[in-house]
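See below for the structure under consideration.
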Amino acid sequence: MKVSVIIPTLNAGPLFKEVLEGVKAQEIGAEVELVIVDSMSEDGTAELGKKYADVFFQVKRAEFNHGETRNLAIAKS
């Protein structure tokens, strides 16, 4: 079994690395897949996300939509 964790981001800030490390450290008896969709961050969020994500992609800010963007991330998982 695989569990996908979807994280939409935009300039996630200084605690983002801790969040990613926490997700990756989970032991739940299943594979944990981390999917990050970034809205063109400018603070290093995208670069950090690429290091931790199993699936990483970006969408333009103008094209971000809470529901549709999450559905796209789920489709890519």
Side-chain angles (χ1 to χ4, degrees):
M1 176 170 56
K2 176 170 53 173
V3 174
S4 296
V5 176
I6 310 294
I7 303 179
T9 60
L10 172 60
N11 297 326
L15 295 178
F16 189 46
K17 184 176 181 181
E18 288 181 48
V19 171
L20 297 175
E21 289 175 349
V23 170
K24 286 294 193 176
Q26 295 297 306
E27 295 182 19
I28 61 169
E31 178 186 352
V32 176
E33 173 190 52
L34 179 56
V35 180
I36 298 175
V37 53
D38 181 71
S39 297
M40 308 306 287
S41 291
E42 299 171 340
D43 69 344
T45 294
E47 292 76 16
L48 189 60
K50 288 175 189 175
K51 290 180 185 178
Y52 284 84
D54 298 298
V55 177
F56 178 90
F57 67 99
Q58 291 183 296
V59 296
K60 295 178 182 174
R61 287 183 194 182
E63 296 174 3
F64 177 84
N65 172 287
H66 286 282
E68 290 177 14
T69 301
R70 285 170 174 78
N71 286 340
L72 180 60
I74 291 167
K76 291 181 178 276
S77 70

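Side-chain atoms are counted along with the backbone in the values below, which use heavy atoms only and exclude waters and symmetry mates. Counting from 1, the numbers follow the sequence of the chain as shown. The structure displayed is predicted, hence computed values, not measured ones.
- Between atom CG of residue Leu10 and atom CE of residue Met40 there is a gap of 10.5 Å, rounded to the nearest 0.5 Å.
- A chain of hydrophobic side-chain contacts below 4.5 Å, direct or via other Ile, Leu, Val, Met, Phe, Trp or Tyr residues, connects Phe16 to Leu34.
- By the 4.0 Å N-to-carboxylate-O rule, Lys24 lies close enough to Asp54 to be salt-bridged with it.
- Annotation: Glu68, atom CD; neighbour count of heavy atoms from other residues, nucleotides and ligands within 6.0 Å does not exceed 12.
- Pairs engaging residues 34-77 under the ring pair (Phe, Tyr, Trp, His ring centres under 6.0 Å) rule: Phe64-His66 [sequence neighbours left out].
- Residues Gln58 and Ser41 come closest through the heavy atom pair NE2-N, 4.4 Å.
- To the nearest 0.5 Å, atom CD of residue Glu31 and atom CE of residue Met1 are 11.0 Å apart.
- Under a 3.5 Å cut-off, the side chain of Thr45 and the backbone N or O of Ala12 do form a donor-acceptor pair.
- Going from atom CD of Glu18 over to atom CG of Leu20 covers 10.5 Å, rounded to the nearest 0.5 Å.
- Linking Ile, Leu, Val, Met, Phe, Trp and Tyr residues whenever their side-chain heavy atoms come within less than 4.5 Å leaves Ile7 and Val37 in two separate clusters.
- By the side-chain contact (heavy atoms from CB on, under 4.5 Å) test, Ala62 pairs with no residue at all, sequence neighbours left out.
- Residues satisfying the side-chain contact (heavy atoms from CB on, under 4.5 Å) test with Glu42, not counting sequence neighbours, are Asn11, Arg61.
- Side-chain atoms of Ser39 and Lys60, non-hydrogen and from C-beta on, never get closer than 4.5 Å to each other.
- Distance check, rounded to the nearest 0.5 Å: CG of Leu72 to OG of Ser77 gives 10.5 Å.
- Val23 and Ile6 fall into different hydrophobic clusters, where Ile, Leu, Val, Met, Phe, Trp and Tyr are joined by side-chain heavy atoms under 4.5 Å apart, directly or via other members.
- With rounding to the nearest 0.5 angstrom, the CD1 atom of Ile74 is 11.0 Å from the OG1 atom of Thr69.
- Under the 4.5 Å side-chain contact rule for hydrophobic residues, Ile28 and Val5 share a cluster.
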